[in-house]
Amino acid sequence: MNDNNFEHTRLLTSVEHIWKYSLGVVRDIFKLFALEVQLAGRSLAIIIILAIVATLLLLSSWFSLLGALLTWIMTFHLSLIVGLLILSAINLIIAIAIGLYIVRISNNLHFKETRKQLEMMRE
């Protein structure tokens, strides 16, 4: 009877140690998760700031290119208004081409084949 009591106490002690260890592991995992969330937040903020800076640099480069093109157009003895109209037309053509491309590839967002398979499964 004494050995049985000892085994029971030993088992309860082991379970208690496992429980405490498990709680410690879970607590450590949550601490690690919290630290990684902080790191991800900082990284996302830096990425957004750098994306804004890159966008501003790209815009300034585009405007510089347009200024250079306007200067080049003016060497053909065209007026400033005609040069600006030509640049506006070029920008408009590029914007329309990009818009048409966006409309064309937006069809890929509808998951047509997946929907077709799901409809076949319903039947």
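No hydrogens, no waters, no symmetry mates; every other heavy atom, side chains included, goes into these values. Just so you know, these numbers come straight off a predicted model, no measurement behind them.
Residues Leu56 and Ser60 have side chains not in contact (no heavy-atom distance under 4.5 Å, counting atoms from C-beta outward). Taking the side chain as every heavy atom from C-beta outward, Leu35 and Gln38 approach each other to under 4.5 Å.
Heavy atoms from other residues, nucleotides or ligands lying under 6.0 Å from NE2 of His77 number 12 at most.
The CZ atom of Phe76 lies 9.5 Å from the CD1 atom of Ile86; values are rounded to the nearest 0.5 Å. Atom CG of Leu70 sits about 10.0 Å away from atom OG1 of Thr75, to the nearest 0.5 Å. To the nearest 0.5 Å, atom CG of residue Leu32 and atom CG of residue Asp28 are 8.5 Å apart. A distance of 11.5 Å separates CG of Leu84 from CG of Leu78, quoted to the nearest 0.5 Å. Ile105 contributes atom CD1, which lies 12.0 Å from atom CG of Leu100 (distance to the nearest 0.5 angstrom). Atom CG of Leu66 is separated from atom CD1 of Ile73 by 9.0 Å, given to the nearest 0.5 angstrom.
Placement of Ile94 and Ile102 within a single hydrophobic cluster is found when ILVMFWY residues are connected by side-chain heavy-atom separations under 4.5 Å, directly or transitively. Clustering ILVMFWY residues whenever any of their side-chain heavy atoms sit less than 4.5 angstrom apart, transitively, puts Leu85 in a cluster other than the one holding Ile96. Both Leu59 and Ile98 are members of a single hydrophobic cluster when ILVMFWY side chains are connected at heavy-atom separations under 4.5 Å. When the side chains of ILVMFWY residues are joined at heavy-atom separations under 4.5 Å, either directly or via intervening members, Leu87 and Phe63 end up in a single hydrophobic cluster. Residues Trp62 and Trp72 fall within the same hydrophobic cluster, defined by Ile, Leu, Val, Met, Phe, Trp and Tyr side chains chained together at heavy-atom separations under 4.5 Å.
A salt bridge is absent between Arg115 and Glu119: the closest approach of a Lys/Arg side-chain nitrogen to an acidic carboxylate oxygen does not fall below 4.0 angstrom. Salt bridge present: Glu113 and Lys116 bring a charged side-chain N and a carboxylate O closer than 4.0 Å.
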